[in-house]
Amino acid sequence: MSAPIRFRVRPIYHGSDLLIEVMGDHRSEGFPNLAAILQDALEAAKAPHPDNLDDPKIAWTQDRYISFWTYAGGEYEIDDDIGGLFVSANENNIAVIADVAQALNSTGRFSKEYVSFEQFR
């Protein structure tokens, strides 16, 4: 078994909302499908992005794809950017991020890395 993929729960830069930053090369072959994992664990459903950020033209021009998901505890976005893989939540932020972190930990394929929040202020 390979080493678990690290992730961080941290604040957004210069803000107080939390997000999850998944470490590693998320575009490499064999990297776990984060959307599918969260869909199963949270019984989440993909929904149209309220700000139309899931438009394929945006993905093409910015080399990133943002998907929007809803589940019983709230809603979250998965931002698949060339530079990283992030999960964020605008509403009910702390609870949703805690649910996502728990879902990732429960797979055994991910490991939470603790960080100092001060480095993001």
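Numbers for residues simply follow the sequence, beginning at 1.
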Spacing of [atom1] belonging to [X] relative to [atom2] belonging to [Y], to within rounding of 0.5 Å:
X	Y	atom1	atom2	value
Ser67	Asp79	OG	CG	8.5 Å
Ser88	Tyr76	OG	OH	11.5 Å
Leu34	Phe86	CG	CZ	12.0 Å
Leu104	Leu38	CG	CG	5.5 Å
Ile5	Glu113	CD1	CD	13.0 Å
Asn90	Glu75	CG	CD	8.0 Å

Please name all residues satisfying salt bridge (charged side-chain N to carboxylate O under 4.0 Å, His left out) with Glu21, sequence neighbours left out, ordered by chain then number.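 By the salt bridge (charged side-chain N to carboxylate O under 4.0 Å, His left out) rule, Glu21 matches Arg8, Arg10.
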Going by heavy atoms in the side chains, are Val87 and Glu77 under 4.5 Å from each other?
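No, every pair of side-chain atoms sits at 4.5 Å or beyond.
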Discussion item. Quick one, Arg27 and Asp80 - any side-chain contact, counting heavy atoms below 4.5 Å?
Written reply: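 Result yes, sub-4.5 Å side-chain heavy-atom pair found.
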[X] versus [Y], closest heavy-atom pair with distance:
X	Y	value
Glu91	Val96	O-CG2, 3.9 Å
Ala47	Thr70	CB-CG2, 4.3 Å
Gly30	Arg109	O-NH2, 4.2 Å
Ile97	Leu18	CG1-O, 3.7 Å
Pro48	Phe68	O-CD2, 3.7 Å
Ser111	Pro4	CB-CB, 3.7 Å

Note to self: Between Ile66 and Ile78, does the side chain to side chain contact (heavy atoms under 4.5 Å, CB included) criterion hold? Intermediate values first, please.
What the structure shows: CA-CA 6 Å; Ile66 299 173; Ile78 299 175; over 6 Å; no
Residues 92-105 vs side-chain hydrogen bond (donor to acceptor under 3.5 Å, both in side chains), sequence neighbours excluded, gives Tyr71-Asp99
The complete set of side-chain hydrogen bond (donor to acceptor under 3.5 Å, both in side chains) pairs with one or both residues in residues 28-47, sequence neighbours excluded, reads Lys46-Tyr65
Describe, in one word, how the ring planes of Phe110 and Phe31 are oriented to each other, choosing from parallel (under 30°), tilted (30 to 60°) and perpendicular (over 60°). perpendicular
Check: Applying the 4.5 Å side-chain criterion to the ILVMFWY set and letting contacts propagate, would Met23 and Ile20 be lumped into a single cluster?
Finding: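 As far as the 4.5 Å side-chain criterion goes, Ile20 and Met23 are not connected within one cluster.
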